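Let me begin by presenting the structure, written as C-alpha coordinates, before commenting on it.
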Amino acid sequence: MDVLKYADTTGEKLALMVFAVLLFVVVMGLVLFATDKIKRLPSWAVATAFLAPAVLGLGFGLVWPALETIKKSFYDRGGNEFVGMDNYVKAVTQDEFQIVLRNTAVWVVVVPLAATAIGLVYAVLVDRSRFEKIAKVLVFLPMSISMVGASIIWRFVYEYRPVLEGVPAENQPAQIGLMNQMLVWVGGEPQQFLINPPLNTFFLIVVMIWIQAGFAMTVLSAAIKAIPDDIVEAARLDGLGGLRMFRYITVPTIRPALVVVITTIAMGTLKVFDIVRTMTGGNFETSVAAFEFYRQSFVQRNTGMGSALAVILFVLVTPLVVYNVRQMRQSEENR
(Lines give C-alpha, C1' and ligand atoms only; values in the text may rest on other atoms or scores of the structure.)
Protein backbone atom coordinates (compact mmCIF):
# COMPACT_ATOMS: atom_id res chain seq x y z
CA MET A 1 0.00 0.00 0.00
CA ASP A 2 2.91 2.34 0.63
CA VAL A 3 3.94 1.91 -3.00
CA LEU A 4 0.43 2.83 -4.15
CA LYS A 5 0.21 5.82 -1.80
CA TYR A 6 3.65 7.27 -2.47
CA ALA A 7 4.37 6.47 -6.12
CA ASP A 8 7.62 8.19 -7.10
CA THR A 9 9.32 6.03 -9.72
CA THR A 10 7.94 5.28 -13.16
CA GLY A 11 7.29 1.66 -12.21
CA GLU A 12 5.38 2.64 -9.08
CA LYS A 13 3.28 5.15 -11.01
CA LEU A 14 2.50 2.52 -13.63
CA ALA A 15 1.51 0.08 -10.88
CA LEU A 16 -0.78 2.72 -9.36
CA MET A 17 -2.44 3.33 -12.72
CA VAL A 18 -3.00 -0.40 -13.34
CA PHE A 19 -4.37 -0.82 -9.80
CA ALA A 20 -6.81 2.06 -10.26
CA VAL A 21 -8.07 0.71 -13.62
CA LEU A 22 -8.51 -2.82 -12.25
CA LEU A 23 -10.27 -1.49 -9.17
CA PHE A 24 -12.69 0.48 -11.33
CA VAL A 25 -13.41 -2.56 -13.52
CA VAL A 26 -14.00 -4.81 -10.51
CA VAL A 27 -16.27 -2.34 -8.72
CA MET A 28 -18.36 -1.58 -11.82
CA GLY A 29 -18.58 -5.30 -12.59
CA LEU A 30 -19.90 -6.02 -9.10
CA VAL A 31 -22.40 -3.19 -9.36
CA LEU A 32 -23.72 -4.37 -12.73
CA PHE A 33 -23.85 -7.99 -11.54
CA ALA A 34 -25.72 -7.05 -8.38
CA THR A 35 -28.27 -4.86 -10.13
CA ASP A 36 -28.90 -7.57 -12.73
CA LYS A 37 -29.25 -10.50 -10.33
CA ILE A 38 -31.02 -8.86 -7.42
CA LYS A 39 -34.61 -8.09 -8.33
CA ARG A 40 -36.98 -5.50 -6.90
CA LEU A 41 -34.29 -3.17 -5.66
CA PRO A 42 -35.56 0.24 -4.56
CA SER A 43 -34.68 3.10 -6.89
CA TRP A 44 -32.50 4.78 -4.28
CA ALA A 45 -30.37 1.63 -3.97
CA VAL A 46 -29.82 1.43 -7.74
CA ALA A 47 -28.92 5.13 -7.88
CA THR A 48 -26.52 4.72 -4.96
CA ALA A 49 -24.89 1.69 -6.56
CA PHE A 50 -24.13 3.59 -9.76
CA LEU A 51 -23.17 6.88 -8.11
CA ALA A 52 -20.96 5.42 -5.38
CA PRO A 53 -17.98 4.57 -7.67
CA ALA A 54 -18.04 8.07 -9.20
CA VAL A 55 -18.29 9.71 -5.77
CA LEU A 56 -15.46 7.56 -4.42
CA GLY A 57 -13.39 8.34 -7.52
CA LEU A 58 -13.91 12.08 -7.08
CA GLY A 59 -13.07 11.82 -3.41
CA PHE A 60 -9.88 9.84 -4.05
CA GLY A 61 -8.76 11.74 -7.17
CA LEU A 62 -9.94 15.28 -6.40
CA VAL A 63 -11.05 15.99 -2.84
CA TRP A 64 -8.26 14.14 -1.04
CA PRO A 65 -5.44 15.65 -3.18
CA ALA A 66 -7.01 19.10 -2.70
CA LEU A 67 -7.02 18.71 1.08
CA GLU A 68 -3.45 17.40 1.00
CA THR A 69 -2.37 20.39 -1.10
CA ILE A 70 -3.98 22.83 1.34
CA LYS A 71 -2.27 21.05 4.23
CA LYS A 72 1.16 21.11 2.57
CA SER A 73 0.85 24.83 1.84
CA PHE A 74 1.27 25.47 5.58
CA TYR A 75 4.54 23.50 5.78
CA ASP A 76 8.13 24.17 4.72
CA ARG A 77 9.71 23.06 1.45
CA GLY A 78 10.21 19.51 2.70
CA GLY A 79 6.77 19.22 4.28
CA ASN A 80 8.21 18.61 7.75
CA GLU A 81 7.96 21.87 9.70
CA PHE A 82 4.74 23.83 10.12
CA VAL A 83 5.28 27.44 8.97
CA GLY A 84 1.72 28.78 9.01
CA MET A 85 1.00 31.49 6.47
CA ASP A 86 4.67 32.08 5.56
CA ASN A 87 4.33 30.58 2.07
CA TYR A 88 1.32 32.77 1.30
CA VAL A 89 3.09 35.86 2.61
CA LYS A 90 6.10 35.12 0.39
CA ALA A 91 3.82 34.55 -2.58
CA VAL A 92 2.43 38.08 -2.36
CA THR A 93 5.48 39.98 -1.05
CA GLN A 94 8.61 38.60 -2.72
CA ASP A 95 9.55 40.22 -6.03
CA GLU A 96 9.89 36.87 -7.80
CA PHE A 97 6.33 35.85 -7.02
CA GLN A 98 4.90 39.34 -7.47
CA ILE A 99 6.06 39.15 -11.08
CA VAL A 100 4.28 35.79 -11.38
CA LEU A 101 1.03 37.21 -10.00
CA ARG A 102 1.36 40.32 -12.17
CA ASN A 103 1.82 38.22 -15.29
CA THR A 104 -1.15 36.05 -14.32
CA ALA A 105 -3.33 39.13 -13.92
CA VAL A 106 -2.23 40.47 -17.30
CA TRP A 107 -3.03 37.15 -18.97
CA VAL A 108 -6.48 36.94 -17.36
CA VAL A 109 -7.41 40.48 -18.38
CA VAL A 110 -5.96 40.64 -21.90
CA VAL A 111 -6.65 37.15 -23.29
CA PRO A 112 -10.42 36.88 -22.59
CA LEU A 113 -11.17 40.44 -23.70
CA ALA A 114 -9.02 40.33 -26.84
CA ALA A 115 -10.06 36.81 -27.92
CA THR A 116 -13.75 37.57 -27.34
CA ALA A 117 -13.55 40.90 -29.17
CA ILE A 118 -11.80 39.34 -32.16
CA GLY A 119 -14.21 36.41 -32.22
CA LEU A 120 -17.25 38.69 -31.97
CA VAL A 121 -16.15 41.07 -34.71
CA TYR A 122 -15.22 38.17 -36.98
CA ALA A 123 -18.53 36.40 -36.35
CA VAL A 124 -20.47 39.55 -37.24
CA LEU A 125 -18.43 40.23 -40.38
CA VAL A 126 -18.71 36.74 -41.85
CA ASP A 127 -22.32 36.11 -40.78
CA ARG A 128 -24.38 35.07 -43.82
CA SER A 129 -21.54 35.96 -46.15
CA ARG A 130 -20.71 33.98 -49.27
CA PHE A 131 -17.57 32.41 -47.80
CA GLU A 132 -18.86 32.05 -44.23
CA LYS A 133 -18.02 28.36 -43.79
CA ILE A 134 -14.49 28.64 -45.15
CA ALA A 135 -13.82 31.81 -43.13
CA LYS A 136 -14.98 30.15 -39.92
CA VAL A 137 -12.92 27.03 -40.53
CA LEU A 138 -9.76 29.10 -40.97
CA VAL A 139 -10.25 30.84 -37.61
CA PHE A 140 -11.31 27.67 -35.81
CA LEU A 141 -8.33 25.61 -37.03
CA PRO A 142 -5.98 26.73 -34.20
CA MET A 143 -8.42 25.16 -31.71
CA SER A 144 -7.56 21.76 -33.21
CA ILE A 145 -3.86 22.25 -32.44
CA SER A 146 -2.49 21.35 -29.02
CA MET A 147 -1.08 24.11 -26.85
CA VAL A 148 2.40 22.66 -27.26
CA GLY A 149 2.02 22.47 -31.04
CA ALA A 150 0.79 26.06 -31.23
CA SER A 151 3.68 27.18 -29.01
CA ILE A 152 6.22 25.50 -31.28
CA ILE A 153 4.67 27.17 -34.33
CA TRP A 154 4.83 30.62 -32.75
CA ARG A 155 8.32 30.01 -31.42
CA PHE A 156 9.42 29.64 -35.04
CA VAL A 157 7.48 32.82 -35.87
CA TYR A 158 9.46 34.70 -33.20
CA GLU A 159 12.78 32.99 -34.00
CA TYR A 160 15.80 35.31 -34.00
CA ARG A 161 19.02 35.06 -35.99
CA PRO A 162 21.73 37.54 -34.96
CA VAL A 163 23.00 40.09 -37.48
CA LEU A 164 26.55 39.36 -38.64
CA GLU A 165 28.88 42.30 -37.99
CA GLY A 166 30.73 43.66 -40.97
CA VAL A 167 28.49 41.88 -43.47
CA PRO A 168 26.43 44.05 -45.85
CA ALA A 169 22.65 43.93 -45.40
CA GLU A 170 22.11 42.26 -48.75
CA ASN A 171 24.49 39.44 -47.76
CA GLN A 172 22.98 38.81 -44.33
CA PRO A 173 21.43 35.35 -43.92
CA ALA A 174 17.63 35.26 -44.03
CA GLN A 175 15.80 35.27 -40.73
CA ILE A 176 14.08 32.03 -39.75
CA GLY A 177 11.31 33.79 -37.84
CA LEU A 178 8.54 35.33 -39.94
CA MET A 179 8.24 38.43 -37.76
CA ASN A 180 11.94 39.20 -37.86
CA GLN A 181 12.07 38.62 -41.61
CA MET A 182 9.20 41.08 -42.04
CA LEU A 183 11.12 43.61 -39.92
CA VAL A 184 14.15 43.15 -42.16
CA TRP A 185 12.02 43.64 -45.28
CA VAL A 186 10.81 47.04 -44.02
CA GLY A 187 14.33 48.11 -43.04
CA GLY A 188 14.18 47.29 -39.32
CA GLU A 189 16.48 45.32 -37.07
CA PRO A 190 15.56 41.76 -35.98
CA GLN A 191 14.49 41.50 -32.35
CA GLN A 192 14.60 38.81 -29.68
CA PHE A 193 10.89 38.89 -28.90
CA LEU A 194 10.87 36.27 -26.14
CA ILE A 195 13.65 37.49 -23.85
CA ASN A 196 12.86 41.18 -23.33
CA PRO A 197 10.39 41.79 -20.47
CA PRO A 198 7.68 42.90 -20.10
CA LEU A 199 6.79 42.83 -23.82
CA ASN A 200 7.71 39.14 -24.08
CA THR A 201 4.67 38.32 -21.93
CA PHE A 202 2.41 39.94 -24.52
CA PHE A 203 4.07 37.97 -27.31
CA LEU A 204 3.18 34.80 -25.39
CA ILE A 205 -0.35 36.09 -24.88
CA VAL A 206 -0.75 36.39 -28.66
CA VAL A 207 -0.52 32.59 -28.91
CA MET A 208 -3.39 32.08 -26.46
CA ILE A 209 -5.52 34.69 -28.24
CA TRP A 210 -4.80 32.97 -31.57
CA ILE A 211 -6.11 29.70 -30.13
CA GLN A 212 -9.12 31.01 -28.20
CA ALA A 213 -10.47 33.42 -30.86
CA GLY A 214 -11.86 30.44 -32.79
CA PHE A 215 -13.76 29.22 -29.74
CA ALA A 216 -15.21 32.69 -29.14
CA MET A 217 -16.17 33.06 -32.79
CA THR A 218 -17.97 29.69 -32.86
CA VAL A 219 -20.07 30.29 -29.74
CA LEU A 220 -20.89 33.91 -30.57
CA SER A 221 -21.73 33.09 -34.19
CA ALA A 222 -24.30 30.55 -32.97
CA ALA A 223 -25.72 33.18 -30.59
CA ILE A 224 -25.96 35.74 -33.40
CA LYS A 225 -27.81 33.29 -35.64
CA ALA A 226 -30.25 32.63 -32.77
CA ILE A 227 -31.37 36.29 -32.70
CA PRO A 228 -35.04 36.28 -33.86
CA ASP A 229 -35.55 37.67 -37.36
CA ASP A 230 -38.48 39.82 -36.24
CA ILE A 231 -36.18 41.75 -33.86
CA VAL A 232 -33.68 42.40 -36.66
CA GLU A 233 -36.41 43.44 -39.10
CA ALA A 234 -38.03 45.75 -36.55
CA ALA A 235 -34.69 47.39 -35.85
CA ARG A 236 -34.08 47.93 -39.57
CA LEU A 237 -37.53 49.49 -39.96
CA ASP A 238 -36.57 51.89 -37.17
CA GLY A 239 -33.53 52.92 -39.20
CA LEU A 240 -30.84 50.96 -37.37
CA GLY A 241 -27.95 49.56 -39.37
CA GLY A 242 -24.24 48.94 -39.29
CA LEU A 243 -22.59 49.88 -35.99
CA ARG A 244 -25.89 50.98 -34.42
CA MET A 245 -27.43 47.57 -35.13
CA PHE A 246 -24.33 45.94 -33.62
CA ARG A 247 -24.42 48.17 -30.52
CA TYR A 248 -28.14 48.26 -29.70
CA ILE A 249 -29.37 44.87 -30.99
CA THR A 250 -26.58 42.32 -31.46
CA VAL A 251 -24.52 42.89 -28.32
CA PRO A 252 -27.44 43.19 -25.82
CA THR A 253 -29.16 40.13 -27.29
CA ILE A 254 -26.10 37.87 -27.09
CA ARG A 255 -24.91 39.21 -23.72
CA PRO A 256 -25.33 35.83 -21.90
CA ALA A 257 -23.19 34.12 -24.53
CA LEU A 258 -20.58 36.89 -24.26
CA VAL A 259 -20.34 36.44 -20.50
CA VAL A 260 -19.99 32.66 -20.81
CA VAL A 261 -17.27 32.99 -23.45
CA ILE A 262 -15.28 35.54 -21.44
CA THR A 263 -15.45 33.56 -18.20
CA THR A 264 -14.65 30.26 -19.93
CA ILE A 265 -11.58 31.71 -21.63
CA ALA A 266 -10.55 33.36 -18.35
CA MET A 267 -10.66 30.00 -16.57
CA GLY A 268 -8.53 28.42 -19.27
CA THR A 269 -6.11 31.33 -19.16
CA LEU A 270 -5.64 31.07 -15.40
CA LYS A 271 -4.48 27.49 -15.92
CA VAL A 272 -2.16 28.25 -18.84
CA PHE A 273 0.98 26.17 -18.58
CA ASP A 274 1.97 24.70 -21.94
CA ILE A 275 2.69 27.97 -23.73
CA VAL A 276 5.00 29.32 -21.03
CA ARG A 277 6.73 25.97 -20.54
CA THR A 278 7.35 25.43 -24.26
CA MET A 279 8.34 28.93 -25.35
CA THR A 280 10.35 30.38 -22.46
CA GLY A 281 10.41 27.80 -19.67
CA GLY A 282 9.19 30.55 -17.35
CA ASN A 283 12.43 32.50 -17.78
CA PHE A 284 12.83 36.20 -18.62
CA GLU A 285 10.01 37.18 -16.22
CA THR A 286 7.33 35.27 -18.12
CA SER A 287 6.24 32.77 -15.46
CA VAL A 288 2.58 32.54 -14.43
CA ALA A 289 0.88 30.92 -11.43
CA ALA A 290 0.05 27.61 -13.14
CA PHE A 291 3.62 27.15 -14.31
CA GLU A 292 5.25 28.46 -11.14
CA PHE A 293 3.55 26.00 -8.79
CA TYR A 294 4.78 23.21 -11.09
CA ARG A 295 8.33 24.59 -11.05
CA GLN A 296 8.36 25.14 -7.30
CA SER A 297 6.96 21.66 -6.61
CA PHE A 298 8.85 19.48 -9.09
CA VAL A 299 11.96 21.46 -10.09
CA GLN A 300 12.82 23.44 -6.97
CA ARG A 301 11.38 20.71 -4.71
CA ASN A 302 9.68 23.39 -2.60
CA THR A 303 6.38 21.60 -1.99
CA GLY A 304 5.20 24.21 0.52
CA MET A 305 5.45 27.14 -1.88
CA GLY A 306 4.19 25.07 -4.80
CA SER A 307 1.13 24.03 -2.81
CA ALA A 308 0.48 27.62 -1.72
CA LEU A 309 0.54 28.81 -5.33
CA ALA A 310 -1.80 25.97 -6.30
CA VAL A 311 -4.24 27.01 -3.58
CA ILE A 312 -4.05 30.64 -4.71
CA LEU A 313 -4.81 29.53 -8.27
CA PHE A 314 -7.75 27.47 -7.03
CA VAL A 315 -9.13 30.45 -5.11
CA LEU A 316 -8.86 32.61 -8.24
CA VAL A 317 -10.59 30.04 -10.47
CA THR A 318 -13.49 29.18 -8.14
CA PRO A 319 -15.45 32.48 -8.47
CA LEU A 320 -15.19 32.27 -12.26
CA VAL A 321 -16.52 28.71 -12.24
CA VAL A 322 -19.45 29.62 -9.99
CA TYR A 323 -20.30 32.70 -12.05
CA ASN A 324 -20.04 30.76 -15.30
CA VAL A 325 -22.40 28.04 -14.06
CA ARG A 326 -24.95 30.66 -12.99
CA GLN A 327 -24.80 32.40 -16.34
CA MET A 328 -25.26 29.13 -18.20
CA ARG A 329 -28.29 28.30 -16.07
CA GLN A 330 -29.80 31.72 -16.71
CA SER A 331 -29.17 31.29 -20.43
CA GLU A 332 -30.97 27.92 -20.40
CA GLU A 333 -33.90 29.40 -18.46
CA ASN A 334 -34.22 32.25 -20.95
CA ARG A 335 -34.53 29.73 -23.78
Side-chain angles (χ1 to χ4, degrees), residues 1-10 12-32 34-35 43-89 91-92 100-101 104 108 260 263-264 266-274 288-329:
M1 290 302 294
D2 289 338
V3 172
L4 296 177
K5 186 176 180 181
Y6 302 104
D8 294 324
T9 65
T10 302
E12 291 174 348
K13 292 177 181 178
L14 181 62
L16 178 60
M17 180 191 71
V18 173
F19 173 78
V21 172
L22 291 177
L23 181 63
F24 175 80
V25 171
V26 170
V27 171
M28 289 305 299
L30 291 175
V31 170
L32 293 173
T35 54
S43 58
W44 65 266
V46 177
T48 302
F50 280 99
L51 287 176
V55 173
L56 291 174
L58 286 174
F60 179 76
L62 184 65
V63 177
W64 179 68
L67 295 177
E68 280 289 310
T69 301
I70 294 173
K71 175 185 174 182
K72 289 180 179 179
S73 68
F74 296 107
Y75 284 79
D76 63 355
R77 64 183 304 116
N80 301 315
E81 183 181 351
F82 181 80
V83 295
M85 298 294 292
D86 285 359
N87 290 320
Y88 293 96
V89 173
V92 297
V100 170
L101 297 178
T104 304
V108 173
V260 170
T263 53
T264 302
M267 286 187 292
T269 304
L270 273 172
K271 299 179 291 182
V272 66
F273 168 86
D274 313 66
V288 292
F291 176 77
E292 193 61 31
F293 83 71
Y294 157 80
R295 179 161 65 179
Q296 291 294 325
S297 299
F298 301 105
V299 179
Q300 302 294 335
R301 296 293 181 181
N302 189 346
T303 57
M305 179 57 70
S307 299
L309 290 170
V311 172
I312 291 174
L313 185 63
F314 174 76
V315 171
L316 293 175
V317 170
T318 301
L320 290 174
V321 174
V322 173
Y323 184 73
N324 200 13
V325 170
R326 288 181 178 178
Q327 289 296 320
M328 293 180 69
R329 287 180 178 176

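All values derive from a computational prediction rather than experimental measurement. What's counted below: heavy atoms across the whole structure, side chains too, no hydrogens, waters or symmetry copies.
Atom OG1 of Thr303 is separated from atom CZ of Phe298 by 10.0 Å, given to the nearest 0.5 angstrom. Atom CD1 of residue Ile312 and atom CG of residue Leu101 lie 6.0 Å apart, to the nearest 0.5 angstrom.
Within the structure, no pair that satisfies the salt bridge (charged side-chain N to carboxylate O under 4.0 Å, His left out) test touches residues 299-324, not counting sequence neighbours. Residue pairs meeting the side-chain hydrogen bond (donor to acceptor under 3.5 Å, both in side chains) criterion with at least one partner in residues 65-80, sequence neighbours excluded, are Ser73-Tyr88.
The minimum heavy-atom distance between Asp86 and Val83, with the atom names listed, is CG-O, 3.1 Å. Nearest heavy-atom pair across Val100 and Ala289 is CG1-N, 3.5 Å. When all heavy atoms of Thr263 and Val260 are compared, the closest pair comes out as OG1-O, 3.1 Å. The minimum heavy-atom distance linking Val317 with Leu270 is given by the pair CG2-CD1, 3.6 Å.
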- [ ] Would you sort out whether Leu313 and Phe293 count as a side chain to side chain contact (heavy atoms under 4.5 Å, CB included), showing the intermediate values?
- [x] CA-CA 9 Å; Leu313 185 63; Phe293 83 71; 3.7 Å; yes
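A 6.0 Å sphere centred on CZ of Phe314 holds no more than 12 heavy atoms belonging to other residues, nucleotides or ligands.
For the side chain to side chain donor-acceptor pair (under 3.5 Å) test, no residue two or more places apart in sequence or in another chain qualifies with Ser297. Here Glu292 pairs with Ser287, Arg295, Gln296 under the side chain to side chain donor-acceptor pair (under 3.5 Å) rule; sequence neighbours left out. Every side-chain contact (heavy atoms from CB on, under 4.5 Å) that Leu67 has, sequence neighbours left out, goes to Val63. Every residue two or more places apart in sequence or in another chain was checked for a ring pair (Phe, Tyr, Trp, His ring centres under 6.0 Å) with Tyr323, and none qualifies.
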